[in-house]
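Okay, so here's the structure we're looking at.
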4 protein chains.
Amino acid sequence: MKSRQEQRSEETKEQILKAAGTLFAKKGFDSVSIREIAKDAGCSHTTIYLYFKDKEALLHQLSMPSLERLYKQLLQISLMDTLTPEARLKGISREYIQFCLENRNMFDVFFNAKSTRVDELEPELEINKLRLEIFALMKQVLQDCLSMPDDELLLNFSRTFYYQLNGILSTYSYLHESIPVLMKRLEPTFDLSVEILILGFKEKISQKGNE
Amino acid sequence: MKSRQEQRSEETKEQILKAAGTLFAKKGFDSVSIREIAKDAGCSHTTIYLYFKDKEALLHQLSMPSLERLYKQLLQISLMDTLTPEARLKGISREYIQFCLENRNMFDVFFNAKSTRVDELEPELEINKLRLEIFALMKQVLQDCLSMPDDELLLNFSRTFYYQLNGILSTYSYLHESIPVLMKRLEPTFDLSVEILILGFKEKISQKGNE
Amino acid sequence: MKSRQEQRSEETKEQILKAAGTLFAKKGFDSVSIREIAKDAGCSHTTIYLYFKDKEALLHQLSMPSLERLYKQLLQISLMDTLTPEARLKGISREYIQFCLENRNMFDVFFNAKSTRVDELEPELEINKLRLEIFALMKQVLQDCLSMPDDELLLNFSRTFYYQLNGILSTYSYLHESIPVLMKRLEPTFDLSVEILILGFKEKISQKGNE
Amino acid sequence: MKSRQEQRSEETKEQILKAAGTLFAKKGFDSVSIREIAKDAGCSHTTIYLYFKDKEALLHQLSMPSLERLYKQLLQISLMDTLTPEARLKGISREYIQFCLENRNMFDVFFNAKSTRVDELEPELEINKLRLEIFALMKQVLQDCLSMPDDELLLNFSRTFYYQLNGILSTYSYLHESIPVLMKRLEPTFDLSVEILILGFKEKISQKGNE
DNA sequence: GATGAATGAGGGTTCATTCAT
DNA sequence: AATGAATGAACCCTCATTCAT
């Protein structure tokens, strides 16, 4: 059982993470200062260093749980066998987009490794690993959807699919609309995009077959 | 006719813009210092303030000509009637991608209005106008390609297409490969993406027709 | 008789002193942090403040016993009547040098009163007293060595002798060699220095006698 | 001819150097902050960075000219053939001591390379070179003084001599007396030290001869 | 028109120290 | 007796910007 002190400590840490998350998302990693985070978290800026080695560590501790949560959600959807593969693909797409929009330009950090230094492979690797796993998951569902072998073509299809999602994100991640409103308004368009792609993929396959 | 002094003055300005453009593209807006630009431009850092109100003004003055150049190039391709509409669409896509990659994180600035200030609407609007024109141009070529009316569906197709391009960009704009190498390696994939989309669009249209 | 608690308490204090001593000696007063000491002492950094008013107090409490130990060792050597006076002088020199080198930059603190505060005269005075006693002891042995009266000349000889030792120390106290290695390598040189001085002293005396 | 601006600039730089010199000498390199220097120099702390890359650069720019000046003075004395070698040696000693005392614990910096990092050899090397040259110069004069070959023994004598000087310095460099007063009071003692050493050296040589 | 000099605000980080438990 | 949490002061350093020339 936790003592009151421990509880307070965890609260502080939580508040720091929360403040940092919000600020990073709003302004981008580089543009947020430690003092700014501290202010929003309601503690001294030095307190942050009690819980995180440095600014970058804060970022990584912040990203990993979110990403892991995302991955689990996507995995769950991919396993729903009550849905058709195409429905699963759409579900995954929606979830992915919604998550990334909710975390706005944190998305940059997650997927573009914006703030990683080449000489520090460890933390980067973990994120990269997750990124790859998410990509692999999408590829898997896409394969189910198209009933095709796991070949070079599937890889390229997956890339195209991945581009599409990221394109949606980068197009909308700076808008100042609230997420639910945005999702409501654009979900049909997003769904259409997925549909188009699937149609295109299938057509491409049948073309290949006819060659 | 310009006096010699005026000429020199314009040269300096041009060099500042050139240096800033290169640096912003290479390192991103925030990571470039005024002194760095001045050094590359071969002038004092204070000189920059003679021509530009502040760092941000420099950025905006910088974006417009580039974007205009891009627009003209895209327009040119769209008018090449020796090419099939699909070839034109591919050409435009390649050009657009290459341009944005070459200007790397500038892309953020151009298309995501990252650094716009609320109090200065003018430049922002101009950029937005161009952005919309580029979008319209793509839509036009897409329409030619699909021989369809200019309706809601075309609009959504265009969005999907636009997403795809931006997705490619956001996926690759942080890689440390040189542009030519990158383009060589990924052009087939990019082309495939465009193909898939067109196939998907056509299929969607024929589905609609059969309803 | 001490209660178990008292015993534990003293142990902790002892460990703090030991850790601080080692660290100060190795890295210098300023470069050692309280937390570092606590870590090496196996306690929390706040515990240190239970036993010592502040960092400086720790330093002073630390210096005295060491210096006293040194003094006792030197005294012991000075009383070894199995040795010739010259051998005693050499022994004292070696011991003194070794001690100071082992305590490296602590030497600064001990002998140069680097970190003394004006408002707290007590500890400083004690250190000064010990310093003077060590000096007096060397003077005594030097007198035995030279069979001369305790006059102005002896005082100056003692100073010269003291300078020599300190010169050796200040020359070598920053080297990164281990003490035993260093001593082994340079002991002959140190011994030579002492010899030279004694020869010089004797010669000076005989010159004086002939005047 | 210098413009007024250039003149002012040089003045500022000079004042920074002067302030830094005094403070380093008084408190030691590590214990002096950039802001402290700026305050004493009457400028903003950022101004310091206009003239010096960083704190360490300031230190090195500060040390080199002084050291070079010292070296030239010592060299000059060593070449005065109106003086006996012994007089030259005494002169050199006095000059060296006076210089080092005037620069108080800067002496630490000069001769103990306190603040040098191993990875930056350049500046350290220059100082080391000068240090060695000064040592070589003393050795030369000592050789003239003793009319002996340049052998191992001479090297050890030089070391002993060098220790003696440094011993004097380290003994007195923390006192709060003014230099002229100090020199006046202790010069006879310093001279005596040199005398003693020379006598000792000569005696040692004659001993060797008789073996 | 152009520039070197100078600055204040702010960046991340470390530290000795205090407080509540 | 002992500790983890927390803090303010201070560290070096960089920046965009202004001022006098």
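Note on naming: letters A, B, ... go to the chains in the order of the sequence lines (proteins, then strands), and numbering restarts at 1 for each one.
Under the 4.5 Å side-chain criterion, counting only non-hydrogen atoms from C-beta, D/Ile34 is not in contact with D/Asp54.
When all heavy atoms are compared, the tightest approach of C/Cys43 to C/Thr12 is CB-CG2, 4.5 Å.
Regarding A/Glu10, its CD atom lies at a distance of 17 Å from the C1' atom of F/dA6, rounded to whole Å. The interatomic distance linking C/Ile37 (CD1) with E/dA16 (P) rounds to 8 Å, in whole Å. Atom pair C/Ile48:CD1 and F/dG4:C1' shows a separation of 14 Å (rounding to whole Å applied). For the pair A/Lys27 NZ and E/dG11 C1', the interatomic distance rounds to 13 Å; values are reported in whole Å. Atom CG in D/Leu50 sits roughly 13 Å away from atom P in E/dG8 (whole-Å rounding). Between B/Lys39 atom NZ and E/dA2 atom P there is a gap of 21 Å when expressed in whole angstrom units. In this entry the distance linking CD1 of C/Ile16 with C1' of F/dA1 reads 11 Å, nearest Å. For the pair C/Gln15 CD and F/dA1 C1', the interatomic distance rounds to 14 Å; values are reported in whole Å.
Across F/dA2, E/dA5, F/dA6, the shortest atom-to-atom separation from the side chain of D/Tyr51 is found for E/dA5.
Residues that satisfy the side-chain hydrogen bond (donor to acceptor under 3.5 Å, both in side chains) test with A/Thr22, not counting sequence neighbours, are absent from this structure. By the salt bridge (Lys or Arg N to Asp or Glu O under 4.0 Å) test, D/Glu68 is found to be paired with no residue, residues two or more places apart in sequence or in another chain being considered. Take D/Gln61 and apply the side chain to side chain contact (heavy atoms under 4.5 Å, CB included) test, not counting sequence neighbours, and it matches D/Lys13, D/Phe52. In this view, D/Ser9 and D/Tyr51 satisfy the side-chain hydrogen bond (donor to acceptor under 3.5 Å, both in side chains) rule, not counting sequence neighbours. For the salt bridge (Lys or Arg N to Asp or Glu O under 4.0 Å) test, no residue two or more places apart in sequence or in another chain qualifies with C/Glu14. Under the rule for a side-chain hydrogen bond (donor to acceptor under 3.5 Å, both in side chains), the partners of B/Thr46 that lie at least two apart in sequence or sit in another chain are B/Ser44.
For F/dA1, the OP1/OP2 oxygens have no side-chain nitrogen or oxygen of C/Thr12 closer than 4.0 Å. In this model, the phosphate group of F/dT7 is approached by a side-chain N or O of A/Thr47 to a distance below 4.0 Å at OP1 or OP2.
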Does the protein touch nucleotides 14-21 of chain F at the base, only the backbone, or not at all? Give it as B, S and - per nucleotide, heavy atoms under 4.0 Å.
BBBBBB-S
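Among the atoms of the strands shown, none is found under 4.0 Å from any heavy atom of C/Phe52.
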Taking only Watson-Crick and G-U wobble pairs with both distances under 3.5 Å, what dot-bracket line describes DNA chain F, where [ ] shows pairs that cross earlier ones and | shows pairs with another strand?
.||||||||||||||||||||
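Pairs passing the salt bridge (charged side-chain N to carboxylate O under 4.0 Å, His left out) check and including a residue from residues 31-52 of chain C, sequence neighbours excluded, read C/Lys27-C/Glu36.
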